[in-house]
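Notes to accompany the following structure.
Note on naming: letters A, B, ... go to the chains in the order of the sequence lines (proteins, then strands), and numbering restarts at 1 for each one.
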Amino acid sequence: MNKFYITTAIDYVNAKPHVGHAAEKVQADVLARYHREVLGEDTYFLSGSDENSLKNVQGAKKAGKTVEDFVAENVGYFQDLKKQLNLSYDYFIRTTEPRHFAGAQKMWKLMDEAGDLYKKEYKGFYCVGCEEFKMEKDLVEGKCPEHNCEPEVVEEENYFFRLSRYQDKLKKLIESDAIQILPSFRKKEMLSFIDQGLEDFSVSRSRKRAENWGVPVPGDEEQIMYVWVDALSNYITALDYATEGDLYKKYWLENENRVHVIGKGILRFHCIYWPAMLLSAGLPVPTKVFSHEYLTIDNKKISKTLGNVIEPQEIVDKFGMDGARYLLLASLPYRSDGDISWEKMTEKYNADLANGLGNLVSRIVKLSENLDITYTDQELLEALIKNNEAEIKHSLDEFDIERALVLLMLRVREANKFIEENKPWELAKNDAAKFAEVMKKLNLDLAAIARLLVPFLPDAANKIKKVLADKEAIILFQRIK
RNA sequence: CGCGGGAUGGAGCAGUCUGGCAGCUCGCGUGGCUCAUAACCACGAGGUCGCAGGUUCAAAUCCUGCUCCCGCAACCA
């Protein structure tokens, strides 16, 4: 049996999740369900939280809580997304778990043994007010914009990873699609980044600066792992890499599909840093990295200060679980950022789900009320083919979820058109045979559409199947003002 | 000359690789229908396809130059 391992990014839990986080999880969920429920593959789907960041320590301080409590509380909000949006992930990894520490340290040791870790002076601008290092680009006229003070130049010894050593190997892996990067223009971007020359990067911080929070560097009491080795290794530590458990063997070692779904902002770390670290440790690299674009709200970046945050739960409250899934998926184009607003969402929900799919279900169920419709599996397979099954699958193989949904909605329109052209309500009165024939086709089409909807709108798909059998009219998606 | 993406009717997008009547959804107007969630279907108005050149029988599509917008630009998820 084919196997499929898919992960989402692990999120910082220094605040509640917003729609952008939610959209990524739903996208990954569609792909996971497609492989698990449609293709019937042995699928493992992972999500999780990145808890070892200094940002969490700072967030906790602000909130007047212990880091443990602060992080646990926010993790709860992220885990709530599972129920809210019907996510089907198999496990939610927290990077504060002991087995994650053990796995990250194990990987560190292998990289060290490979001779890829070395100590070097790290020089940076440290703002005492922010208690963190600032990038030069973040400084305004050489000063920290938040505190309006000149940062200290601090030098500190850190461990560095020899990324430079893997430049050629990475280029080959990406060029040949051994690591396939989607959409394709992102592959181009990564290749041209490699061509500019890869430099080593720092992978640790002093224990003091890390505020004693995070994964300790093996064999060096004074250093804590910085984000890369720690966070990225979650994709294998969650599979019990530390003990080389069954999950790890099954889904990482003996599997051809190791897929990461991430946002474009962290593309480089997944396509370059992470594979290089795996190469160093002698472990298999990911086979696919899908980079989604970002959601904006009212054409602005999602930002607390702008006050334009929409919580996932709010969308669920208004449009229902599958309604929210649909809107998040359909609002995020494959190749560019997508914008949402209450107005746009309401419009799309009404057009596609209430007036489109939902109304179609009502029409067909009512018209079929007094008919006894049966069909064979073979007939259903033929209906699937006629309803763009191949094209929809092809879109999903390319991770183009938006296009798959467009194709599905096209089928809904076709069915509505077919009803109009054949006027079954008239046939019911004067041509019983033709009426039965027309309604059988419509039932088959709707059954096919329901089957194709499974990865996207699992609940609605089930309800359609049920209602076709029971013939009890339902309002699948209530029209919203 | 840092890298990548984008500019197509009121809005959102496809089409560009492989040149050939400019297409889809929403919104708007008119008509039709009544099985349905005032839903559905048809027709229509609306675009010199960012700008300027070039190649070609033919350019949104290929070539050259330019303008504007967005993301990334390295240890920042």
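- Within the nucleic acid shown, A:Phe185 comes within 4.0 Å of sugar-phosphate atoms alone, with no base atom in reach, counting heavy atoms only.
- Taking the P atom of each, B:G44 and B:U25 are spaced 14 Å apart, rounded to whole Å.
- Between A:Asn422 atom CG and B:U34 atom P the separation is 15 Å, expressed in whole Å.
- Looking at heavy-atom distances under 4.0 Å, A:Gly265 makes no contact with the nucleic acid at all.
- Between B:C49 and B:G23, the two P atoms lie 14 Å apart (nearest whole Å).
- A salt bridge does not link A:Glu189 with A:Arg268: none of the charged nitrogens is closer than 4.0 Å to a carboxylate oxygen.
- Evaluation of A:Phe201 against the base of B:C75 yields no stacking contact (centre distance < 5.5 Å, interplanar angle < 30° required).
- Nucleic acid contact class of A:Leu476 (heavy atoms, under 4.0 Å, all strands): base.
- At least one side-chain heavy atom of A:Lys348 sits less than 4.5 Å from a side-chain heavy atom of A:Tyr326.
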Polar pairs (N or O, both sides) under 3.5 Å between protein and nucleotides 24-29 of chain B?
{"from": "B:C26", "atom 1": "O2'", "to": "A:Glu347", "atom 2": "OE1", "distance (Å)": "3.4"}
{"from": "B:C26", "atom 1": "O2'", "to": "A:Glu347", "atom 2": "OE2", "distance (Å)": "2.3"}

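- Residues A:Arg479 and A:Asn359 bring no donor and acceptor atom of their side chains to less than 3.5 Å of each other.
- Using a 3.5 Å distance cut-off with no hydrogens or angles, the side chains of A:Ser341 and A:Glu343 do not pair a donor with an acceptor.
- Shortest non-hydrogen contact noted between A:Leu476 and A:Gly358 is CB-CA, 4.1 Å.
- Atom name C1', nucleotides B:A52 and B:G10: the rounded distance is 28 Å, in whole Å.
- In this structure, the CH2 atom of A:Trp342 is 20 Å from the C1' atom of B:A11, given to the nearest Å.
- OP1 or OP2 of B:A77 lies within a sub-4.0 Å distance of a side-chain N or O belonging to A:Lys55.
- For the 3.5 Å distance criterion, the side chains of A:His394 and A:Asp400 fail to qualify, holding no donor opposite an acceptor.
- Place A:Glu402 and A:Val203 on RNA chain B by their nearest nucleotides, and A:Glu402 ends up nearer the 5' end.
- Closest contact between the side chain of A:Asn359 and the listed nucleotides B:A74, B:A77, B:U37 involves B:U37.
- Contact check, A:Lys423 against B:U34: no side-chain N or O comes under 4.0 Å of OP1 or OP2.
- Using atom C1' as the reference point in both B:G53 and B:G12, the two lie 32 Å apart (nearest Å).
- Around the NZ atom of A:Lys171, the shell of radius 6.0 Å holds no more than 12 heavy atoms that belong to other residues, nucleotides or ligands.
- A residue-by-residue look at A:Leu353 and A:Ser202 shows that A:Leu353 has its nearest nucleotide of RNA chain B further toward the 5' end.
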Report all interatomic pairs (protein N or O, nucleotide N or O of nucleotides 6-9 of chain B) with separations under 3.5 Å.
none

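- B:C51 and B:A7: their C1' atoms are spaced 11 Å apart (whole Å).
- Ring centroids of A:Tyr235 and A:His270 are separated by less than 6.0 Å, placing the two rings close together.
- Across the protein-nucleic acid pair, A:Asp337 atom CG and B:C13 atom P stand 10 Å apart, rounded to whole Å.
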What would the secondary structure line of RNA chain B be in dot-bracket form, counting Watson-Crick and G-U wobble pairs under 3.5 Å, with [ ] for pairs that cross earlier ones and | for pairs with another strand? .(((((((.[[[[.)....(..]]]].(((((.......))))).....[[[[[..)....]]]]])))))).....
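- The shortest distance between the side-chain N/O atoms of A:Arg479 and the OP1/OP2 oxygens of B:A39 is below 4.0 Å.
- Atoms CG (A:Leu267) and P (B:G5) sit 13 Å apart, rounded to a whole Å.
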Verify side-chain contact (heavy atoms from CB on, under 4.5 Å) between A:Phe201 and A:Tyr273, making sure each step is shown before the conclusion. CA-CA 9 Å; A:Phe201 60 91; A:Tyr273 288 22; 3.6 Å; yes
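- Nucleic acid contact for A:Ser192: sugar-phosphate only, since backbone atoms but no base atoms lie under 4.0 Å from a heavy atom of the residue.
- Taking atom P in both B:C40 and B:G65, the straight-line distance is 49 Å, to the nearest Å.
- A:Tyr166 and A:Asp116 form a side-chain donor-acceptor contact under 3.5 Å, judged by distance and modelled atom types alone.
- At a threshold of 4.0 angstrom between heavy atoms, the contacts of A:Phe477 include nucleobase atoms, whether or not backbone atoms are also involved.
- Within the 4.0 angstrom heavy-atom criterion, no nucleotide atom of any strand lies near A:Gly20.
- Using P as the reference atom, B:G9 and B:C1 are 36 Å apart when rounded to the nearest Å.
- Between B:A60 and B:U18, the distance separating the two C1' atoms is 16 Å to the nearest Å.
- Close to B:G4, at under 4.0 Å from its OP1 or OP2, lies no side-chain N or O of A:Lys188.
- Between A:Asp397 and A:Lys393, no side-chain nitrogen of the basic residue sits less than 4.0 Å from a carboxylate oxygen of the acidic one, so the salt-bridge criterion is not met.
- Across all strands, A:Asn416 comes closer than 4.0 Å only to sugar-phosphate atoms, never to a base (heavy-atom distances).
- Residues A:Trp108 and A:Val203 are in side-chain contact: their nearest non-hydrogen atoms beyond the backbone lie under 4.5 Å apart.
- Shown here for A:Met107 and A:Ser233, the closest heavy-atom pair between the two residues is SD-CB, 4.0 Å.
- Counting non-hydrogen atoms under 4.0 angstrom, A:Ile364 reaches nothing in the nucleic acid.
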